[in-house]
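Report on one structure; see the data block that follows.
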Amino acid sequence: MLLNDKNYKDYLKGISVIEVSGESCANCLSLMPILHKLVSQRDDATLHHIEASEDTVNLLELFQVETVPTILVMNDDVVYAKCRGYQPEEILEIWLDSKIQDIKTLKK
């Protein structure tokens with residue numbers, strides 16, 4: 001789901017992984033298919049996207065995103081973890097597994 005300043009509260013329920021990218025960001029374009037693959041293999045998290053633009057400035061400020069690409073792991077509408085920059089698939093998978101497991105542990 002493409003999130004913006006107006007709709008994000010409607011979609012951030014449970015555990016969410018949010019990819020924040022920019023239109024002309026080469027690392028963003030490289031990272032997107034990897035992140036989509038990793039999250040699509042899970043049934044415990046939902047993937048969302050924020051395109052850094054004038055329409056999402058308030059949302060980026062709210063989530064304290066200063067650079068793209070950035071990956072946020074959220075529990076409802078609270079940022080639990082943040083990863084900046086391109087990450088290789090193996091590292092990203094370990095990081096996602098760890099952060100999502102941490103949130104599940106906290107919920108118990």
Side-chain angles (χ1 to χ4, degrees):
M1 172 56 60
L2 183 60
L3 301 180
N4 59 45
D5 291 350
K6 295 178 179 137
N7 74 357
Y8 76 95
K9 288 184 180 180
D10 296 332
Y11 294 102
L12 296 181
K13 310 240 188 288
I15 300 173
S16 298
V17 177
I18 301 176
E19 59 181 356
V20 183
S21 64
E23 184 178 305
S24 60
C25 170
N27 283 335
C28 299
L29 294 174
S30 298
L31 183 62
M32 287 172 65
I34 295 169
L35 189 58
H36 281 257
K37 174 186 169 193
L38 293 175
V39 177
S40 70
Q41 295 171 349
R42 309 185 68 94
D43 60 0
D44 55 359
T46 305
L47 181 64
H48 301 287
H49 179 81
I50 299 173
E51 188 70 25
S53 70
E54 291 178 15
D55 295 333
T56 58
V57 170
N58 293 332
L59 194 54
L60 298 175
E61 288 177 1
L62 176 67
F63 296 149
Q64 299 178 343
V65 174
E66 299 169 356
T67 185
V68 293
T70 294
I71 300 168
L72 305 172
V73 177
M74 300 184 68
N75 187 20
D76 296 322
D77 61 350
V78 177
V79 176
Y80 181 80
K82 186 183 301 186
C83 179
R84 295 180 182 104
Y86 178 85
Q87 303 298 321
E89 183 174 350
E90 300 81 19
I91 301 299
L92 188 55
E93 183 174 22
I94 292 167
W95 181 81
L96 275 175
D97 287 345
S98 171
K99 299 308 175 191
I100 291 171
Q101 187 58 45
D102 289 349
I103 291 172
K104 289 177 169 182
T105 302
L106 288 174
K107 285 185 166 188
K108 289 183 180 180

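The figures here come from the full heavy-atom set of this structure, side chains too, leaving out hydrogens, waters and symmetry mates.
- Cluster annotation: Y80 is connected to L96 through the hydrophobic network of ILVMFWY side chains, with a link wherever side-chain heavy atoms come within less than 4.5 Å.
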> Is there a side-chain contact (heavy atoms from CB on, under 4.5 Å) between S53 and E23 once you walk through the steps?
Replying inline: CA-CA 9 Å; S53 70; E23 184 178 305; over 6 Å; no

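- When all heavy atoms are compared, the tightest approach of L12 to S16 is CD2-OG, 3.8 Å.
- Across all their heavy atoms, A52 and V68 have their closest contact at CB-CG1, 4.1 Å.
- Nearest heavy-atom pair across N58 and D5 is CB-OD2, 3.4 Å.
- More than 12 heavy-atom neighbours from other residues, nucleotides or ligands sit within 6.0 angstrom of CD on Q41.
- Residue T56 holds its OG1 atom at 8.5 Å from NE2 of H49, rounded to the nearest 0.5 Å.
- Judged by distance alone, with hydrogens and angles left aside, the side-chain atoms of K13 form a donor-acceptor pair with the main-chain N or O of K9 at under 3.5 Å.
- Rounding to the nearest 0.5 Å places CG of L35 at 12.5 Å from OG of S30.
- Among residues two or more places apart in sequence or in another chain, the salt bridge (charged side-chain N to carboxylate O under 4.0 Å, His left out) test is passed with K104 by D44.
- Counting only heavy atoms from C-beta outward, the side chains of L60 and L62 never approach each other to under 4.5 Å.
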> Can D55 and N4 be said to form a side-chain contact (heavy atoms from CB on, under 4.5 Å), step by step?
Replying inline: CA-CA 7 Å; D55 295 333; N4 59 45; 5.5 Å; no

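- A single hydrophobic cluster is not seen to contain both V79 and I103; linkage of ILVMFWY side chains at heavy-atom distances under 4.5 Å, directly or through other members, places them apart.
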Show me the donor-acceptor pairs, under 3.5 Å and distance only, between side chains in residues 86-95 and residues at least two apart or in other chains.
from : atom 1 : to  : atom 2 : distance (Å)
Q87  : NE2    : R84 : O      : 3.3
E89  : OE2    : K37 : NZ     : 2.8

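- V39 approaches A45 most closely through the heavy-atom pair CG1-O, 4.0 Å.
- A single hydrophobic cluster is not seen to contain both I18 and L47; linkage of ILVMFWY side chains at heavy-atom distances under 4.5 Å, directly or through other members, places them apart.
- For D97, the salt bridge (charged side-chain N to carboxylate O under 4.0 Å, His left out) test picks out R42, with sequence neighbours left out.
- Every residue was checked against the salt bridge (charged side-chain N to carboxylate O under 4.0 Å, His left out) condition with E51, not counting sequence neighbours, and none meets it.
- Screening residues 3-32 for ring-ring contact (aromatic ring centres under 6.0 Å, His included), with sequence neighbours left out, gives Y8-F63.
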Please report, to 0.1 Å, the donor-acceptor pairs under 3.5 Å made by any side chain of residues 69-77, with sequence neighbours excluded.
from : atom 1 : to   : atom 2 : distance (Å)
T70  : OG1    : T67  : O      : 2.5
N75  : OD1    : K107 : NZ     : 3.3
D76  : OD1    : G14  : N      : 2.8

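- Every side chain to side chain contact (heavy atoms under 4.5 Å, CB included) that V57 has, sequence neighbours left out, goes to E61.
- Listed by chain and residue number, H48 satisfy the side chain to side chain contact (heavy atoms under 4.5 Å, CB included) test with T46 (two or more places apart in sequence, or in another chain).
- Put simply, I100 and L106 are part of the same group of oily side chains (I, L, V, M, F, W, Y) that touch within less than 4.5 Å, one to the next.
- In this structure, L3 and I50 have side chains that are in contact, with non-hydrogen atoms separated by less than 4.5 Å.
- Of the possible donor and acceptor atoms, one in the side chain of T105 sits under 3.5 Å from a partner among the backbone N and O of Q101.
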